[in-house]
Amino acid sequence: MTRWLGVVEGFYGPPLSHEDRLDLLAWVSRWGFSCYGYAPKDEPLHRVRWREPYGDDDRERFGELLARGREVGVEVALVLSPGLDWQAGDEEALVAKLQVFRDLGAQVLGVAWDDVPPGGADLGRTHGRAVAAAVEALDDGVRWITCPTDYATATVTPYLQQYAATVPSHVEIMWTGPSIVSPSVSLDDVERIASGLGRPPLFAENFPVNDGAMSDVLHLGPYPVRPAELVAATSGVFCNLMPRSRASWLGLALAARFWTDPEGDREQARREVVAEIPGLAPLARACRSWAGAPDVDAELDAWADAAIAGEDTRLWDYLVAGCRDGLDPRLAAELEPWLDQWDAESQAMQFALQLLRQRPGRPADLAFVTSELWRRARTMRAQVFGVRWAYYPVTEWADGRFHAVPAALQMGENLTDRLCRIALTG
């Protein structure tokens with residue numbers, strides 16, 4: 001069993017509502033998560049205006065969140081991100097702000113330095129000393145998590161060397177793997193980082209998060225391929241949410257399955273968890289893409305091949321059945337852009353299938369309708385049935401900064417494109 005099994009609200013975009021956080025705690029408790037990290041990038045008092053005190057309403061909400069966490073058995077980690085404008089002497093302000101969380105009863109505190117201007121060894125010492133000052137002032141019974149500035153690297157940078165040397169040894173240091181979003185992580189990567197940090201890293205999994213230039217892709221696929229040894233080689237995991245809490249539930253449950261049973265079957269786990277979320281299966285089949293895996297569901301692809309060959313109607317039956325029946329209204333509201341996209345692509349594919357049935361002729365009326373429905377579907381942003389365009393933060397660390405790699409760009413022909421193209425030209 002992993003020491004940490006956590007989720008973190010660490011995305012860019014509108015933070016979750018208070019009610020969504022309360023519901024999220026109940027869901028992650030069900031799957032064995034031990035901690036929820038509060039770190040929404042665009043909540044002003046967490047990051048941009050971190051020195052400003054929280055008001056009474058904010059403190060009341062934090063108190064309710066902590067109480068709900070205790071009720072369902074999930075620790076609530078309250079985190080500050082002061083790195084955008086850190087100045088010498090800010091340690092007092094950091095301690096004062098964290099003291100508010102401590103006074104409310106928080107048992108897990110965090111300081112995050114991610115996504116701020118990078119630096120070398122001097123910056124690592126500066127950030128490490130800030131964390132050390134907070135730990136010294138507030139360490140009575142507190143568990144600590146931190147995210148350094150150099151958090152996505154296959155090598156231990158001078159910043160990380162000094163940061164780890166300055167941060168107390170019992171403080172957890174987060175690491176996302178060799179990339180911000182890491183399509184793959186090797187055991188060698190983990191062991192190299194652990195050796196440099198002088199402790200196992202706390203793995204920060206940027207899944208199922210879909211902010212920024214990957215925001216049009218809904219991550220409802222299986223948990224990323226990870227070596228089973230990752231569990232034992234780290235101190236645990238925190239998974240970053242999508243900006244839609246209920247839409248994140250599938251990905252989080254799949255993460256829990258891996259981190260508690262790393263030898264388990266990823267696809268079987270996905271089938272079982274999807275079956276526990278009423279109404280999600282049709283959309284989940286169309287939204288399994290992720291970084292490095294932009295293609296359509298393999299079974300759907302096979303159904304399309306059979307339909308093109310005129311052999312069966314499985315794809316037609318799937319499309320006609322729709323994607324909305326049985327969905328909880330609150331989940332459906334979060335999924336609406338992709339449900340609308342599914343409807344538009346489904347309609348285009350249904351007409352393409354009708355056109356294919358007319359071979360060897362190609363009736364002009366069916367062809368014109370197919371082309372127009374296909375055109376409309378392509379003007380919409382949400383990505384379903386494979387990825388037409390997305391840009392992932394797949395990076396490498398070199399020369400003191402993140403560099404994007406070619407694999408970051410994912411673009412191609414989705415299932416609708418293929419079917420309509422063949423119906424119109426094949």
Side-chain angles (χ1 to χ4, degrees), residues 1-11 14-40 43 46 54 57-80 98 100-110 112 141-145 172 174 202-205 207-209 220 223 231 235-261 264 269-270 272-278 280 327-331 333-334:
M1 179 68 71
T2 183
R3 179 181 167 192
W4 291 91
L5 184 56
V7 304
V8 59
E9 183 183 341
F11 53 78
L16 300 182
S17 71
H18 183 58
E19 291 72 22
D20 283 343
R21 291 186 185 117
L22 295 175
D23 288 345
L24 176 67
L25 287 176
W27 173 263
V28 300
S29 171
R30 173 184 172 187
W31 287 95
F33 284 91
S34 59
C35 192
Y36 154 80
Y38 172 88
E43 196 286 296
H46 162 77
Y54 286 108
D57 290 346
D58 294 318
R59 297 185 187 205
E60 181 179 354
R61 283 191 289 270
F62 285 132
E64 290 179 2
L65 200 62
L66 290 161
R68 175 61 64 87
R70 288 190 292 271
E71 178 185 322
V72 299
V74 177
E75 292 278 11
V76 173
L78 298 177
V79 182
L80 288 180
L98 290 170
V100 172
F101 296 151
R102 192 72 180 98
D103 292 344
L104 289 169
Q107 299 293 317
V108 185
L109 299 177
V142 175
R143 300 171 77 194
W144 289 88
I145 56 177
E172 302 283 0
M174 288 183 158
L202 176 57
F203 191 58
E205 179 76 270
F207 175 88
V209 65
L220 300 180
Y223 187 69
V231 174
S235 61
V237 67
F238 273 77
C239 293
N240 199 0
L241 303 170
M242 290 191 277
R244 297 162 180 81
S245 62
R246 290 174 180 80
S248 299
W249 289 1
L250 172 60
L252 297 178
L254 295 176
R257 290 284 293 263
F258 171 80
W259 284 85
T260 55
D261 181 18
R270 181 169 179 265
E272 292 172 359
V273 176
V274 167
E276 293 198 23
I277 305 176
L280 187 61
L327 282 171
D328 181 286
R330 295 169 299 178
L331 176 58
E334 290 188 357

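In this structure, CG on Leu104 lies 10.5 Å from OH on Tyr54, to the nearest 0.5 angstrom. Within the model, atoms CZ of Phe33 and CG of Leu25 stand 12.0 Å from one another, a figure rounded to the nearest 0.5 Å. Distance check: Glu205 CD to Phe258 CZ gives 8.5 Å after rounding to the nearest 0.5 Å. Expressed to the nearest 0.5 Å, how far OH of Tyr223 lies from CG of Leu250 amounts to 13.0 Å. Atom CZ of Arg270 is separated from atom CG of Leu254 by 7.5 Å, given to the nearest 0.5 angstrom. Separating the CG atom in Leu80 from the OH atom in Tyr38 is a distance of 9.0 Å, to the nearest 0.5 Å.
The aromatic rings of Phe238 and Trp4 are tilted relative to each other, their planes meeting at an angle between 30° and 60°.
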TODO: Mind running side chain to side chain contact (heavy atoms under 4.5 Å, CB included) on Glu43 and Glu9 for me, showing each step along the way?
DONE: CA-CA 11 Å; Glu43 196 286 296; Glu9 183 183 341; over 6 Å; no

Task: Ile277/Leu331 under side chain to side chain contact (heavy atoms under 4.5 Å, CB included): CA gap, chis, key distance, verdict - done: CA-CA 10 Å; Ile277 305 176; Leu331 176 58; 3.9 Å; yes

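Remark: the backbone N or O of Ala247 is paired with a side-chain donor or acceptor of Glu334 at under 3.5 angstrom. Panel note: side chain Ser34, backbone Leu5; a donor-acceptor pair is recorded below 3.5 Å. No donor-acceptor pair under 3.5 Å is formed between the side chain of Trp31 and the backbone N or O of Leu252. Checking side-chain atoms of Ser29 against main-chain N and O of Val72 turns up a donor-acceptor pair under 3.5 Å. Using a distance-only test at 3.5 Å, with no hydrogens or angles considered, a donor-acceptor pair links the side chain of Ser248 to the main chain of Met242.
For the residue pair Tyr36/Arg21, the side-chain donor-acceptor check at 3.5 Å is satisfied.
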What side-chain donor-acceptor pairs closer than 3.5 Å can you find for residues 61-69, not counting sequence neighbours?
unit_1 : atom_1 : unit_2 : atom_2 : d
Arg61  : NH2    : Asp58  : OD1    : 2.7
Glu64  : OE1    : His18  : NE2    : 2.7
Arg68  : NH1    : Leu22  : O      : 3.2

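One finds a salt bridge joining Arg30 and Glu276 here, because a Lys/Arg side-chain nitrogen approaches an Asp/Glu carboxylate oxygen to under 4.0 Å. A salt bridge is defined here as a Lys NZ or Arg NE, NH1 or NH2 lying under 4.0 Å from an Asp or Glu carboxylate O, and Arg143 with Glu75 fails to meet this definition.
Using a 4.5 Å heavy-atom cutoff, the side chains of Leu241 and Leu16 are in contact.
In this view, Arg102 satisfies the salt bridge (Lys or Arg N to Asp or Glu O under 4.0 Å) rule with no residue, not counting sequence neighbours. With sequence neighbours excluded, the residues satisfying salt bridge (Lys or Arg N to Asp or Glu O under 4.0 Å) with Asp20 are Arg246.
In plain terms, the two heavy atoms of Cys35 and Ala77 that are nearest each other are SG-CB, 3.7 Å. Among all heavy-atom pairs drawn from Leu98 and Gly110, the shortest one is CD2-O, 4.0 Å.
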